Amino acid sequence: MHKIYYLASCDTCRKIIKSLPNTENLQFIDIRQNPITELELEEMYSLSGSYEALFSKKAQLYKSLDLKNKNLQEADFKKYLLEHYTFLSRPVFIINGKIYIGNSAKNIQEVIQALG
């Protein structure tokens with residue numbers, strides 16, 4: 001089963017989901033309703049090689065906590081990802097053992113090809 005970690009209230013996520021083919025094999029995980037577990041985060045980490053790669057520096061909380069002026073390490077990124085869903089760069093897809101992080105056009109095109 002393929003997975004998508006997304007936020008149901010995110011317009012960008014909803015638009016991307018509408019553009020996807022073959023979603024019947026996709027497990028939808030709304031990260032607000034079902035916060036990411038440490039086990040799920042470990043799976044993402046093993047595929048991406050970095051907690052920072054999974055971390056969104058566009059999050060409002062990132063700005064309000066002034067994290068850009070802190071020297072964050074991998075352990076810090078992991079801690080924040082587990083503390084609050086907003087820190088996950090979304091959507092995150094896991095398809096056939098490969099991870100796709102974020103909503104760049106190139107990334108979404110690769111997801112569509114992987115699902116197609």
Side-chain angles (χ1 to χ4, degrees):
M1 178 65 78
H2 309 308
K3 299 178 191 170
I4 175 178
Y5 294 88
Y6 74 107
L7 196 53
S9 60
C10 170
D11 290 336
T12 303
C13 289
R14 287 197 304 256
K15 184 177 137 203
I16 289 167
I17 288 168
K18 283 183 183 174
S19 74
L20 298 174
N22 305 322
T23 57
E24 62 276 353
N25 291 327
L26 200 54
Q27 179 185 0
F28 290 84
I29 303 159
D30 180 353
I31 59 176
R32 180 178 287 156
Q33 302 299 320
N34 301 294
I36 295 169
T37 65
E38 191 159 2
L39 189 63
E40 289 169 325
L41 188 58
E42 290 300 322
E43 178 187 18
M44 292 181 211
Y45 174 79
S46 72
L47 295 170
S48 68
S50 163
Y51 292 112
E52 186 175 6
L54 295 161
F55 192 86
S56 173
K57 294 180 179 172
K58 296 176 185 172
Q60 295 291 327
L61 212 46
Y62 179 77
K63 295 173 180 108
S64 68
L65 294 175
D66 197 33
L67 295 179
K68 71 175 188 269
N69 292 317
K70 295 190 168 105
N71 185 19
L72 298 178
Q73 305 298 313
E74 281 291 290
D76 300 313
F77 290 118
K78 178 181 180 181
K79 176 179 88 84
Y80 285 118
L81 284 162
L82 288 170
E83 276 179 11
H84 203 278
Y85 65 84
T86 194
F87 289 120
L88 184 68
S89 185
R90 33 178 210 276
V92 172
F93 292 89
I94 299 176
I95 302 168
N96 297 327
K98 187 167 190 286
I99 193 165
Y100 304 87
I101 304 164
N103 59 25
S104 72
K106 177 184 179 291
N107 199 45
I108 299 308
Q109 198 53 46
E110 289 177 8
V111 167
I112 289 170
Q113 287 176 349
L115 288 172

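Because the structure is predicted, anything quoted here is derived from the model rather than measured.
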For a quick test of your reading: what N or O donor-acceptor pairs under 3.5 Å do the side chains of residues 52-59 make, sequence neighbours left out?
unit_1: Glu52; atom_1: OE2; unit_2: Lys57; atom_2: NZ; d: 2.8
unit_1: Ser56; atom_1: OG; unit_2: Lys58; atom_2: N; d: 3.2

I'd like to know if [Y] and [X] are part of one continuous hydrophobic network [Ile/Leu/Val/Met/Phe/Trp/Tyr, side-chain heavy atoms within less than 4.5 Å].
X	Y	result
Ile108	Leu47	no
Ile101	Tyr62	yes
Leu67	Leu82	yes
Ile16	Tyr85	no
Leu88	Leu65	yes

| Yes or no on side chain to side chain contact (heavy atoms under 4.5 Å, CB included) for Ile99 and Met44, after CA distance, side-chain angles and deciding distance? | CA-CA 7 Å; Ile99 193 165; Met44 292 181 211; 3.8 Å; yes
| query | For residues 14-25, which residue pairs qualify under side-chain hydrogen bond (donor to acceptor under 3.5 Å, both in side chains), counting only residues two or more places apart or in two chains? | reply |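 Sorted result for residues 14-25: Asp11-Arg14.
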Rounded to the nearest 0.5 Å, how far apart are [atom1] of [X] and [atom2] of [Y]?
X	Y	atom1	atom2	value
Tyr51	Phe77	OH	CZ	12.5 Å
Glu40	Asn34	CD	CG	8.0 Å
Ile29	Arg90	CD1	CZ	15.0 Å
Ile36	Glu38	CD1	CD	12.0 Å
Tyr100	Gln113	OH	CD	8.5 Å
Ile94	Ser46	CD1	OG	7.5 Å

| field | Leu115/Ile95 under side chain to side chain contact (heavy atoms under 4.5 Å, CB included): CA gap, chis, key distance, verdict | value | CA-CA 8 Å; Leu115 288 172; Ile95 302 168; 3.9 Å; yes
| Under the salt bridge (Lys or Arg N to Asp or Glu O under 4.0 Å) test, residues paired with Lys106 that sit two or more places apart |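 By the salt bridge (Lys or Arg N to Asp or Glu O under 4.0 Å) rule, Lys106 matches Glu110.
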| field | side chain to side chain contact (heavy atoms under 4.5 Å, CB included) between Tyr45 and Leu81, intermediate numbers included | value | CA-CA 11 Å; Tyr45 174 79; Leu81 284 162; over 6 Å; no
| request: Check whether any side-chain N or O of Lys78 sits under 3.5 Å from a backbone N or O of Leu41 as a donor-acceptor pair, and report yes or no. | output: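 No.
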| query | Does the Asn103 side chain pair with the main chain of Cys13, one donor and one acceptor, at a distance under 3.5 Å? | reply |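 Flag not set: sc Asn103 to bb Cys13 has no pair under 3.5 Å.
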| request: Could you walk me through whether Tyr80 and Leu61 pass the side chain to side chain contact (heavy atoms under 4.5 Å, CB included) test, one step at a time? | output: CA-CA 10 Å; Tyr80 285 118; Leu61 212 46; over 6 Å; no
| request: Could I get the full list of side chain to side chain donor-acceptor pair (under 3.5 Å) partners for Glu83, not counting sequence neighbours? | output: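 Glu83 satisfies side chain to side chain donor-acceptor pair (under 3.5 Å) with Lys79 only.
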Which donor-acceptor pairs under 3.5 Å do the side chains of residues 2-9 make with protein atoms, sequence neighbours left out?
unit_1: Lys3; atom_1: NZ; unit_2: Glu43; atom_2: OE1; d: 3.1
unit_1: Ser9; atom_1: OG; unit_2: Arg32; atom_2: NH1; d: 3.3

| message | Suppose we screen for side chain to side chain contact (heavy atoms under 4.5 Å, CB included). Which residues come up paired with Asn71, at least two apart in sequence or across chains? | response |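 Partners of Asn71 by the side chain to side chain contact (heavy atoms under 4.5 Å, CB included) criterion, ordered by chain and then number, come out as Gln73.
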| message | Could you report the tightest heavy-atom contact between Asn69 and Asp66, atom names first, then the distance? | response |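 So the minimum-distance heavy-atom pair works out to ND2-OD1, 2.7 Å.
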